[in-house]
Amino acid sequence: MRSHASVLHIDLDAFFAAVEQRDKPSLRGKPVVVGGVGGRGVVATASYEARVFGVHSAMSTREARARCPHAAYLSGRFHAYRETSAAVMSLLREVSPLVEPLSLDEAFVDLAAADLPGHEVADVTAFGHDLRRRVREVTGGLTASVGIGTSKFVAKVASDLDKPDGLVVVPPGTEQELLRPMRATVIPGVGPATAERLRRAGVHTIADLEAVSEDELVRLVGRSLGHGLHALCRARDDRPVQAERETKSVSAEGTYEEDLTDRRLMEGLLSRQARDVAERLRKHGLSGRTVSIKVRLHDFTTLSRSTTLGSPTDEAAVVARLARGLLADLDTTGGVRLLGVGVSGLADWVQDELFGPDDSEREADPEPEPALDVPSTRHRAWAPGSDVVHTELGPGWVWGSGRGVVTVRFETAETGPGPVRSFALDDPALSLFRPPSPEAPAADAP
DNA sequence: TCTGGGGTCCTAGGACCC
DNA sequence: TCTGGGGTCCTAGGACCC
């Protein structure tokens, strides 16, 4: 916790709905609901006019339509939201080099890193008013709620106190009196399940939380959250504003209007999602070792299965093949409402090329034995680190193999380290491989 | 015909290693 | 006859956030 109120939290009010109202004047002053418009959709954002009727985010669209039939129901224009968000984020970065976006419509800004005339309450208050004015300018009239305090927690709580279009500064030293009467659920990380556990222990407010020992909290809600709650209910929060956060996973999923029962159809949908995921991985220069699927059954039971490769891939065919294989082990006879594919265990390609394993590391850290659907004679020809293969991209070293996949590093004496690519044994790219023939390698080896 | 989509983080158990 | 303990990786599930 800082001695000055120098952490700012900004939240754009009813963001998606506000962008729609900005761009379509006929919607201004009217209830607008953005979200899934199908039979299984949920509300992403409701305009304040719709909230009056009890519509709120995460509510099913069916329920929202029942409460507010005359609202405009829109499926969303994410391009417009991203564009508007980018304008706000770049404004924030003009103000301070230390900006941590939390989503399209929310961010923390570290004012200690900003160029302010002073950091007293009066200074940051004036700054907050000016910032909200500038947000309206760069967004074409969108309003924001801003909170400023001595920590992320306090700033975030503060931005919620005067929504919409508000500014709340919490003077240093007044945090605990502000927090004590509040419900424990204002603490980020305390959702319905945790709130219920706390309630059963007689804990409703932050003051109640303060009266519980740390050991008891850990017993109630687990180690990590227990320690976190013990600190936060005392307004102790030293979490820094972090400008850069690495992507940890990339995924795509879909909920279907009617439960799926046809396995071929499910495989086709997984393959399409795999292409989508692989495309986004490549766009960001990423590749990952762990491929997961998510399956939500008709009764909302949610299953996940994953498998980890010896080396990272960003190949749609590899992701798709593994995803389909994972699905094969699940019983889906009752019907499936949601299917999804994800890749995690991400590596950065560029970094991989610059700092990837050299020959000695490769020996110290051998690839796992290949899966048994790799024909043994072919696999011997593709032993990691030893063989040269040919593809239409040119010659490369076999870098890894396993689970029906061969990974190639395109690296030659002439060109230096190149990209790493994985090829599924049963996809068309496989035909590009030629196990080195006895006479060929000498001529073509790097 | 209740219950999205894209993420993050945590927990717990088993395998494996030293 | 005894039967470590810590660390890391992997998998599955769950809670939570916007």
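So you know, we letter chains A, B, ... as the sequences are listed, proteins then strands, and number each from 1.
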Among A:Leu102, A:Val168, A:Asp160, A:Val146, the one residue meeting side chain to side chain contact (heavy atoms under 4.5 Å, CB included) with A:His9: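 The option that passes is A:Leu102.
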What I'd like to find out is whether the side chain of A:Arg321 reaches to under 4.5 Å of the side chain of A:Val318, using heavy atoms alone.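 Sidechains of A:Val318 and A:Arg321: no contact.
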A:Leu309 vs A:Leu322 side-chain heavy atoms within contact, under 4.5 Å: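 The answer is yes, as the side chains (C-beta and beyond) meet within the 4.5 Å cut-off.
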Expressed in whole Å, how much space separates the C1' atoms belonging to B:dT1 and C:dC16?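 After rounding to an integer number of Å, I get 26 Å for this pair.
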Using the C1' atom in both, what is the distance from C:dG14 to B:dT3, to the nearest Å?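 Per the computed distance, 16 Å lies between those C1' atoms.
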Any donor-acceptor pair under 3.5 Å from A:Gln21 side chain to A:Leu27 backbone: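 Yes.
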Between A:Ser251 and B:dG7, does any side-chain N or O lie under 4.0 Å from OP1 or OP2?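 Yes, such a contact exists.
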OP1 or OP2 of C:dC17 versus the side-chain N and O atoms of A:Lys152: is any pair under 4.0 Å?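 No, no such contact exists.
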Determine, for nucleotides 8-16 of chain B in 5'-to-3' order, which nucleotides have protein heavy atoms under 4.0 Å from the base (write B), from only the sugar-phosphate (write S), or from neither (write -). SSSS-----
Name the residue closer to the 5' end of DNA chain C, choosing between A:Arg289 and A:Ser304 according to the nucleotide with the nearest heavy atom.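 The residue closer to the strand's 5' end, by nearest nucleotide, is A:Arg289.
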Whole angstroms only, please: what is the [atom1]-[atom2] distance between [X] and [N]?
X: A:Gln273; N: B:dG7; atom1: CD; atom2: C1'; result: 15 Å
X: A:Arg280; N: B:dG7; atom1: CZ; atom2: C1'; result: 10 Å
X: A:Ile293; N: B:dG6; atom1: CD1; atom2: P; result: 16 Å

Determine the contact category for [X]: base if any of its heavy atoms lies under 4.0 Å from a base atom, sugar-phosphate if only primed atoms, P, OP1 or OP2 are that close, otherwise nothing.
X: A:Thr45; result: nothing
X: A:Glu106; result: sugar-phosphate
X: A:Lys294; result: nothing

Taking NZ, NE, NH1 and NH2 as the nitrogens, is one of them in [X] or [Y] under 4.0 Å from a carboxylate oxygen of the other?
X: A:Glu267; Y: A:Arg263; value: no
X: A:Glu196; Y: A:Arg200; value: yes
X: A:Glu258; Y: A:Arg40; value: no
X: A:Glu94; Y: A:Arg134; value: yes
X: A:Lys152; Y: A:Asp237; value: no

Please determine, by modelled atom types, if A:Thr333 and A:Asp331 share a side-chain donor-acceptor pair under 3.5 angstrom.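 Result is yes, a qualifying pair exists.
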Is the count of non-hydrogen atoms from other residues, nucleotides or ligands lying under 6.0 Å from A:Arg183 atom CZ greater than 12?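 Not more than 12 within 6.0 Å, no.
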Partner of C:dC18 by Watson-Crick or G-U wobble geometry, both contacts under 3.5 Å, or none?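 Partner of C:dC18: B:dG5.
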Near DNA chain C, which residues from residues 83-105 of chain A have a heavy atom under 4.0 Å away?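 Those residues are A:Ser103, A:Asp105.
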Parallel, tilted or perpendicular: ring planes of A:Tyr81 versus A:Phe16, cut at 30 and 60 degrees: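 Plane angle under 30°, so parallel.
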Give each protein N/O atom lying under 3.5 Å from an N/O atom of nucleotides 1-4 of chain B, with the pair distance.
unit_1, atom_1, unit_2, atom_2, d
B:dT1, O2, A:Arg62, NE, 3.2
B:dT1, O2, A:Arg62, NH1, 3.4
B:dT1, O2, A:Arg62, NH2, 2.1
B:dT1, N3, A:Arg62, NH2, 3.0
B:dT3, OP1, A:Gly39, O, 3.0
B:dT3, OP2, A:Arg337, NH2, 2.8
B:dG4, OP1, A:Arg337, NH1, 2.7

